[in-house]
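Each remark here refers to the structure printed beneath this line.
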Amino acid sequence: MTNSTTYSVTVNGVTRELPSIQVGEMGRVPLVELLGDFEFTNAVADALVPLLPENAQVLLSVSTSSIPLAHAVSERKKLPYVIVRKKRRTYMRQPLIQEVPSMTLGVNETLWLDSRHATRLKGQQVVILTDVVVSGGTQEALAKLVERAGGTVCGYVSGFKQGDPRVAVQYLVELPKVL
Ligand SMILES: O=P(O)(O)OC[C@H]1O[C@H](OP(=O)(O)OP(=O)(O)O)[C@H](O)[C@@H]1O
């Protein structure tokens, strides 16, 4: 930690001072933001690639914060990626709908996977990839979507772990839950 309001992390030689944000009654939480930061996203993607299971065929991630990371890892591994949405779109056809019971900020979410993309998971070995894992609720909900789509989860990977997730996640950096 560099001072009382930031938390310093370095991945593959790229350092960021994470701001600490007051989250409800949890206290001050160091906040990772890959969105809008290509240099840090690329560093995290480079470091995550060796953690992916060898048999991975597809990456599955979720909007919004994890999208740049999923894209960068996909590009490096030459694996396709699928993004689950948090809002229904009019162009979705017969989406799979999955609730996330409790998330980081205590807000329930609903995940939507368009059937066009669910088809891409069928019969595939799928890695679940997020930028941050806290409770693991999001990764669990993504795993349920994989099963419902007829795929198999072959691993859970996250750039950062912040807390005690309910799933066994491969991660790069453990962050304190509160500062
Ligand atoms: O392990 P969990 O407790 O489920 O929390 C992890 C989730 O929380 C963050 O998303 P966030 O809630 O910030 O949503 P956003 O990506 O839409 O900003 C992160 O990107 C994961 O998806």
Side-chain angles (χ1 to χ4, degrees), residues 6-7 9 11 14 16-45 47-48 51-52 58-74 81-89 92 95-114 117-118 121 126-149 151 153 155-179:
T6 63
Y7 187 85
V9 290
V11 177
V14 178
R16 291 292 179 267
E17 304 298 327
L18 309 182
S20 70
I21 307 295
Q22 182 71 34
V23 177
E25 295 175 358
M26 287 173 57
R28 299 193 73 85
V29 175
L31 183 70
V32 183
E33 279 188 291
L34 298 182
L35 207 57
D37 188 342
F38 76 86
E39 188 184 27
F40 197 42
T41 298
N42 286 341
V44 173
L48 272 184
L51 301 187
L52 296 183
V58 183
L59 308 173
L60 181 68
S61 195
V62 61
S63 62
T64 303
S65 314
S66 296
I67 293 175
L69 183 63
H71 184 97
V73 173
S74 165
Y81 71 101
V82 170
I83 298 293
V84 172
R85 303 290 195 114
K86 288 181 180 167
K87 279 189 179 175
R88 183 168 199 159
R89 297 293 174 203
M92 289 178 174
L96 296 180
I97 305 165
Q98 186 69 49
E99 297 297 326
V100 182
S102 71
M103 291 194 64
T104 315
L105 304 182
V107 178
N108 286 14
E109 297 270 15
T110 303
L111 304 183
W112 304 84
L113 177 61
D114 194 333
H117 297 302
L121 304 179
V126 181
V127 177
I128 292 177
L129 169 69
T130 56
D131 58 346
V132 183
V133 60
V134 186
S135 69
T138 302
Q139 294 215 357
E140 279 186 333
L142 291 171
K144 286 182 183 157
L145 284 171
V146 172
E147 289 165 19
R148 292 173 61 196
V153 177
Y156 298 87
V157 178
S158 183
F160 301 88
K161 178 175 92 85
Q162 198 164 19
D164 298 304
R166 298 188 291 263
V167 290
V169 182
Q170 299 289 317
Y171 61 92
L172 297 175
V173 178
E174 178 161 12
L175 298 173
K177 205 166 178 184
V178 291
L179 292 176

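Counting starts at 1 for both ligands and their atoms, in listed order. Remember, predicted model here, so these are calculated numbers, not experimental data.
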> Are any side-chain N or O atoms of K161 and backbone N or O atoms of G163, one a donor and one an acceptor, separated by less than 3.5 Å?
Replying inline: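 Yes; at least one donor-acceptor contact below 3.5 Å.
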> So, does S158 use its side chain to make a donor-acceptor pair with the main chain of D131 at under 3.5 Å?
Replying inline: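 Yes; at least one donor-acceptor contact below 3.5 Å.
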Regarding [atom]: of the candidates [options], which has the closest heavy atom?
atom	options	value
atom 19 (C) of ligand 1	V134, D131, T130, L31	D131
atom 22 (O) of ligand 1	L34, V133, T138	T138
atom 15 (P) of ligand 1	K87, R166, K86, E109	K86
atom 16 (O) of ligand 1	S65, S61, P101	S65

>> Measuring from non-hydrogen atoms of G136 to any atom of ligand 1, is the shortest distance under 4.0 Å?
In response: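 Under 4.0 Å: yes for G136.
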>> Taking 4.0 angstrom as the limit and counting only heavy atoms of V132, give me the atoms of ligand 1 inside it, by number and element.
In response: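 Close to V132: 6 (C), 19 (C), 21 (C).
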>> List ligand 1 atoms under 4.0 Å from T64, heavy atoms only on the residue side.
In response: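 Every atom of ligand 1 under 4.0 Å from some heavy atom of T64: 15 (P), 16 (O), 17 (O).
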> Under a 4.0 Å heavy-atom limit, does P165 contact ligand 1 with its side chain, its backbone, both, or neither?
Replying inline: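 Within the 4.0 Å criterion, P165 makes no contact with ligand 1.
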> For the side chain to side chain contact (heavy atoms under 4.5 Å, CB included) test, which of L96, L142, I97 pairs with L111?
Replying inline: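 Answer to the side chain to side chain contact (heavy atoms under 4.5 Å, CB included) test with L111 among L96, L142, I97: L142.
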>> Checking Y81 now: which residues fulfil ring-ring contact (aromatic ring centres under 6.0 Å, His included) with it, not counting sequence neighbours?
In response: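 H71.
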> Rounded to the nearest 0.5 Å, what separation is found between the OG1 atom of T41 and the CD atom of E33?
Replying inline: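 The distance works out to 10.5 Å.
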> What residues, two or more places apart in sequence or in another chain, satisfy side chain to side chain donor-acceptor pair (under 3.5 Å) together with Q170?
Replying inline: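 Side chain to side chain donor-acceptor pair (under 3.5 Å) list for Q170, sorted by chain: empty.
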